Each structure stands twice: as C-alpha cells, then as structure tokens.
Amino acid sequence: MKIIILFVMIIIISACSKPEEQSTTALVLSEINGAVLWERISTEAEYKTYAFWPDHEDIQPGQSPHGAYHKIYINKVLSEALPSMDKVLPEGSIIVKENLDSQKSLDAITVMVKVKDYNPEAGDWFWAKYTPLGEILAEGTPVGCISCHQGMDDNDYIIVRPLDLEI
Ligand code: HEC
C-alpha cells in the first residue's frame, strides 16, 4: 500500500514540475530572422520553460512603451552568465518579455537574442516583436527598440536590472 502511495506521489510531482529547457545551439548570423527566432522560442526550446529574470519573477509592473505588466524570461545561457561582472552577455543569450495589458492579458512578445557579429555597433542583439500568435511586428535592428535601450549601452542594452547585480 505504502509503495502505491509513493508511486502515485511521484507521478503527481513529476506531472506538476516545470519541463526542462531543451538544450540548443546558439542561433548564428547566417540563419537569424524573425521566423527562425520564433521557432526557437516557441518550439525548439519553448520560452515558458526558461527561468524568470532573477529577483523579478512572474508578473511584474512594467513601463511604457511595453505595457502595464510584464514577465521576463531568460534562457539558460543567460541565466548561467549572471551576475556578469563585465556586463556583456554571451552569444546565444535570449530574453523573452511578455507584454501584458492592464487586464494582465498578453498583448505582445518582445525578444532580444545575442548573435555573434550580428550588429557589433549595438551589442550584437537581434530584436523582435511578435503578436501572441507569433506574427512578426518588428525584427532585426529596429531603430525604435535600439534608440530607447541605447541609454543602457553600458549594461549591454538591458534595462530591467544591472547585469552585475548579485542576488
Ligand atoms: C521608449 C523606450 C523603449 C522602447 C522603444 C523599447 N523598449 Fe524594451 N524596455 C524598455 C524598458 C523601460 C524596459 C524595462 C522593463 C519595463 O519596465 O517594462 C524594457 C525591457 C525590454 C526587454 C527585457 C530586457 C531589458 O532590457 O530589461 C526586452 C526583451 C525588450 N525591452 C525588448 C524590446 C524590443 C524588441 C523593442 C522594440 C520592438 C523595445 N524593447 C522597445 C523600454 C523600451
């Protein structure tokens, strides 16, 4: 009897635990585009399996223009690089930001992925914005995204937290 209870508990626990992020190789210059990036974060290594930005878990209040609330997910390559004392994230880092409206429903998904040699003048980030269904609203080096994030170029264009913050 005890064995059966134990067995049932193991099944319940494993069904509830979050699936592991799939291991993948970094997206490279010759292949990167908005569709390839969407495939990566929606299928090959689904972003909902990523960790949240440390000390910034689940739904958090956000600032204009991104929406009233957000969730910020980071892939394993990025989370393993934090804290980053030189404040430069490694190739293959992916940040997925769910932008939620004032009702906390998903409005858009904005993504940054670091691709070696993609755009050395601005941190080698490939930027993208999608509808919740994955339609591309912006991709590549949109002037809007870069000009606003540029203010944090000494933090690798990341706004939410200093990269060298130890938590
Ligand atoms: C007018 C300023 C502004 C513009 C334009 C902007 N962002 Fe942001 N972004 C922010 C702020 C502020 C944050 C910090 C989180 C928050 O408060 O919403 C942020 C956070 C992010 C993050 C999470 C990582 C980080 O830097 O903190 C991603 C990913 C992101 N933005 C992508 C984009 C993309 C893609 C675009 C263009 C389609 C874009 N952003 C345009 C201001 C901006």
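Order of listing sets the numbers, starting from 1, for every ligand and every atom in it. Just so you know, these numbers use all the heavy atoms, side chains as well, and skip hydrogens, waters and symmetry mates. Being a predicted model, the structure only gives us computed values, none of them experimental.
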Quiz item: Does ligand 1 have a heavy atom under 4.0 Å from the side chain of L137, from its backbone, from both, or from neither?
Solution: neither

Exercise. Heavy atoms only: give me the nearest P142-A138 pair and the separation to one decimal.
Key: CG-CB, 4.1 Å

Exercise. Mind running salt bridge (Lys or Arg N to Asp or Glu O under 4.0 Å) on K76 and E80 for me, showing each step along the way?
Key: CA-CA 6 Å; K76 221 182 285 175; E80 285 172 0; 5.9 Å; no

Self-check item: Protein heavy atom at shortest distance from atom 32 (C) of ligand 1
Solution: T110 CB, 3.7 Å

Quiz item: Do D55 and R161 meet the salt-bridge criterion of a basic N to acidic O distance under 4.0 Å?
Solution: yes

Quiz item: Do we see a donor-acceptor contact under 3.5 Å between the side chains of E98 and Y69?
Solution: no

Quiz item: Where atom 8 (Fe) of ligand 1 is the corner point, what angle links NE2 of H149 with NE2 of H66, to 10°?
Solution: 180°

Quiz item: So does C145 have any N/O/S atom less than 2.8 Å away from atom 8 (Fe) of ligand 1?
Solution: no

Self-check item: Nitrogen or oxygen atoms of Q63 and ligand 1 under 3.5 Å apart
Solution: yes

Quiz item: Can you find an N/O atom of A138 closer than 3.5 Å to an N/O atom of ligand 1?
Solution: no

Exercise. Note the single closest protein heavy atom to atom 26 (O) of ligand 1, along with its residue, its atom name and the distance in Å.
Key: I159 N, 2.8 Å

Quiz item: Quick one: does Y157 get within less than 4.0 Å of ligand 1, heavy atoms only?
Solution: yes

Quiz item: How close do L78 and I94 get, heavy atom to heavy atom, and via which atoms?
Solution: CD1-O, 3.9 Å

Quiz item: Do Y130 and W38 have ring centroids that are under 6.0 Å from one another?
Solution: yes

Quiz item: By number and element, which atoms of ligand 1 are closer than 4.0 Å to a non-hydrogen atom of V160?
Solution: 25 (C), 27 (O)

Quiz item: For K129, is at least one N or O under 3.5 Å away from an N or O on ligand 1?
Solution: no

Quiz item: Looking only at side chains, do H66 and N99 share a donor and an acceptor under 3.5 Å apart?
Solution: yes

Quiz item: Taking atom 24 (C) of ligand 1 as the point of reference, which of I95, I94, V143 owns the nearest heavy atom?
Solution: I95

Quiz item: Using heavy atoms and a threshold below 4.0 Å, how should the contact between M152 and ligand 1 be classified: side chain, backbone, both, or neither?
Solution: neither

Self-check item: Heavy-atom proximity to atom 3 (C) of ligand 1, best of C148, G151, S147
Solution: C148

Exercise. Run the ring-centre check on W127 versus H149 and record whether the distance is less than 6.0 Å.
Key: yes

Exercise. Under 4.0 Å, heavy atoms only, figure out whether ligand 1 is touched by the backbone of A128, its side chain, both or neither.
Key: backbone

Exercise. Find out if a path of hydrophobic residues (ILVMFWY) with successive side-chain heavy-atom gaps under 4.5 Å connects V160 to Y50.
Key: no

Quiz item: Which atoms from ligand 1 have a heavy atom of H70 less than 4.0 Å away?
Solution: 15 (C), 16 (C), 17 (O), 18 (O)

Quiz item: If every non-hydrogen atom of A26 is compared with every non-hydrogen atom of G92, which pair is closest and at what distance?
Solution: CB-CA, 3.7 Å

Quiz item: In terms of hydrophobic clusters joined by side-chain contacts under 4.5 Å, are I74 and Y47 together?
Solution: no

Self-check item: Atoms in ligand 1 flagged as close to G144, the criterion being non-hydrogen separation under 4.0 Å
Solution: 5 (C)

Self-check item: Side chain, backbone, both or neither: R161 near ligand 1, heavy atoms under 4.0 Å
Solution: neither

Practice problem: Please work out whether any backbone atom (N, CA, C, O) or any side-chain heavy atom from C-beta onward of K97 is under 4.0 Å from ligand 1, and answer side chain, backbone, both or neither. | Solution: side chain

Quiz item: Does a donor on one side chain sit under 3.5 Å from an acceptor on the other, for S84 and D86?
Solution: yes

Self-check item: Distance filter under 4.0 Å to V111 heavy atoms, resulting ligand 1 atoms
Solution: 35 (C)

